[in-house]
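Each residue takes its place number in the sequence, starting with 1.
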Amino acid sequence: MSSLKLAVPSKGRLQEQTFEWFSTRGITLERTGSGREYAGQVRGVSNVELVLLSAGEIPRELAAGRIHMGVTGQDLVAEKIPAWETQVAQIAEMGFGHADLILAVPSFWADVESIDDLDAAAAAFRKAHGMRLRIATKYHNIVREYLRREGVADYQLVDSQGATEGTIKNLTAEAVADITSTGDTLRANHLKILKSPPVLASQATLFSSKLANWAPEAITARAEILSCIGAKNG
């Protein structure tokens, strides 16, 4: 593998914004072939192969060393790659795809406004119901580490891969930890975000794999990319 493999989101607004971001820095990314074909090309730097993947797949491919660089959300890297700093390097935050991973509880929980209040509520829930307070999320690793740091222990995580806001109404959880941009969906489901800082503030970011096979051609291509985007050789 001599050329540098650069992975970007395969579709949607995130792909469009990624293409725009690179374009303003003198690097043209474009799809080739039919609209359904996941193929593309890079112009403006040499020896770079464009790889189109879902944003959720890119962290795995970076950690496996099958791609050299990739654009994905910071939340996905933190969740999918244990001790991610040892396997990938963050090259540049891109200024779009902003979303916060937050904790939310039912709006009628008048006495629960912060993470400290949640800790007290969890202890009270355990005492009243003989079970741990359930938090629905798909971000198990990030949330577990955050709650550990905050000293919250009386809880259990419930897996939710979609419509997380509805788990409380469906009586499968008492709180949720989910990604939000505006909070509108949470409010529509009668939930309120804890006033503590978000569990994780995420945005689209360019990452580089520390485990890929960095042949001389790939190293040169990486230096060209970093020069174009004004990033340090981290």
Worksheet entry | Donor-acceptor contact present, side-chain S208 to main-chain L206, <3.5 Å | no
Practice prompt. Report the residues that fulfil side chain to side chain contact (heavy atoms under 4.5 Å, CB included) with D119, sequence neighbours left out, ordered by chain and then residue number.
Written response: V152
Worksheet entry | Y146: which of V199, L200, N141 passes side-chain contact (heavy atoms from CB on, under 4.5 Å) | V199
Worksheet item: Of the non-hydrogen atoms in P9 and L52, which two are nearest, and what is the gap between them?
Response: O-CD2, 4.3 Å
Worksheet item: Could you walk me through whether Q90 and Q74 pass the side chain to side chain contact (heavy atoms under 4.5 Å, CB included) check?
Response: CA-CA 9 Å; Q90 182 171 290; Q74 292 165 319; 3.2 Å; yes
Fill in: Short side-chain to backbone donor-acceptor contact, R25 and I225, under 3.5 Å
no
Worksheet item: Looking only at heavy atoms, what is the nearest atom pair of V88 and A63, with distance?
Response: CG1-N, 4.4 Å
Fill in: Cluster overlap W84 with L101, hydrophobic side-chain contacts below 4.5 Å
no
Worksheet item: Hey, does F207 have a side-chain heavy atom less than 4.5 Å from the side chain of Q87?
Response: no
Worksheet item: Which is it for L133 and D154 under the side chain to side chain contact (heavy atoms under 4.5 Å, CB included) test, yes or no, and what are the steps along the way?
Response: CA-CA 7 Å; L133 182 143; D154 265 330; over 6 Å; no
Discussion item. Taking the side chain as everything from C-beta on, heavy atoms only, tell me whether V158 gets closer than 4.5 Å to T167.
Written reply: no
Worksheet item: From R60 CZ over to I81 CD1, what is the distance, rounded to the nearest 0.5 angstrom?
Response: 11.0 Å
Item to complete: Begin from the C-alpha positions of T220 and N47 and carry the test side chain to side chain contact (heavy atoms under 4.5 Å, CB included) through to its verdict.
Response: CA-CA 9 Å; T220 300; N47 291 316; over 6 Å; no
Practice prompt. Check whether Y139 and V77 end up in the same hydrophobic cluster, where Ile, Leu, Val, Met, Phe, Trp and Tyr are linked by side-chain heavy atoms less than 4.5 Å apart.
Written response: no
Discussion item. Between R31 and F19, is the side chain to side chain contact (heavy atoms under 4.5 Å, CB included) condition met? List the steps.
Written reply: CA-CA 10 Å; R31 298 189 67 146; F19 281 18; 4.2 Å; yes
Fill in: Cluster overlap I219 with V45, hydrophobic side-chain contacts below 4.5 Å
yes
Worksheet item: Can you tell me how far CD of E165 sits from NE2 of H190, rounded to the nearest 0.5 angstrom?
Response: 12.5 Å
Worksheet item: Take atom NE2 in H140; do more than 12 heavy atoms of anything else shown fall under 6.0 Å from it?
Response: yes
Worksheet item: Less than 4.5 Å apart, any side-chain heavy atom of F96 and any of E20?
Response: no
Worksheet item: Can Y155 be reached from I193 by stepping across I, L, V, M, F, W or Y side chains whose heavy atoms are under 4.5 Å apart?
Response: no
Worksheet item: When rounded to the nearest 0.5 angstrom, what distance separates CD in Q41 from CG in L29?
Response: 10.0 Å
Discussion item. Rounded to the nearest 0.5 Å, what separates atom CE in M94 from atom CZ in F22?
Written reply: 5.0 Å
Fill in: Closest non-hydrogen atom pair, P198 against I102
CB-CG2, 4.1 Å
Worksheet item: Distance from M131 atom CE to E174 atom CD, nearest 0.5 Å?
Response: 5.5 Å
Worksheet entry | Straight-line distance of K195 NZ to S114 OG, nearest 0.5 Å | 9.5 Å
Worksheet item: Quick one: does L186's side chain get under 4.5 Å of K192's, heavy atoms only?
Response: no
Fill in: Criterion side-chain contact (heavy atoms from CB on, under 4.5 Å) against S202, the qualifying member of D75, D100, I142, T72
D75
Item to complete: Considering non-hydrogen atoms only, spot the tightest contact between R132 and Q156 and give its length.
Response: O-NE2, 3.6 Å
Worksheet entry | hydrophobic_cluster_shared for L194 and V176, side chain cutoff 4.5 Å | no
Practice prompt. Please check if the side chain of H68 supplies one atom and the backbone of N213 the other of a donor-acceptor pair under 3.5 Å.
Written response: yes
Worksheet, complete the sentence: Looking only at heavy atoms, the pair that brings I91 and L226 closest together is CG2-CD2, 3.4 Å
Discussion item. Looking at every heavy atom in both L76 and A55, which two are closest together, and how far apart are they?
Written reply: CD1-O, 3.5 Å
Worksheet entry | Side chain proximity check, V71 to L14, heavy atoms < 4.5 angstrom | no
Worksheet item: Less than 4.0 Å between a side-chain N and a carboxylate O, is that true for E61 and K80?
Response: no
Worksheet entry | Any D178 side-chain heavy atom under 4.5 Å of T180 side chain | no
Item to complete: Count the heavy atoms of every other residue, nucleotide or ligand shown that sit under 6.0 Å from CG of D111, and state whether that count exceeds 12.
Response: no
Discussion item. Could you check whether any side-chain N or O of Q15 sits under 3.5 Å from a backbone N or O of S10, counting only pairs where one atom can act as donor and the other as acceptor?
Written reply: yes
Worksheet item: So do S209 and I67 actually touch side chain to side chain, heavy atoms under 4.5 Å?
Response: no
Practice prompt. For P106, enumerate each residue passing the side chain to side chain contact (heavy atoms under 4.5 Å, CB included) test, keeping only those at least two apart in sequence or located in another chain.
Written response: F108, W109, I168
Practice prompt. Could you check if a side-chain atom of V42 sits within less than 4.5 angstrom of a side-chain atom of I27, using non-hydrogen atoms only?
Written response: yes
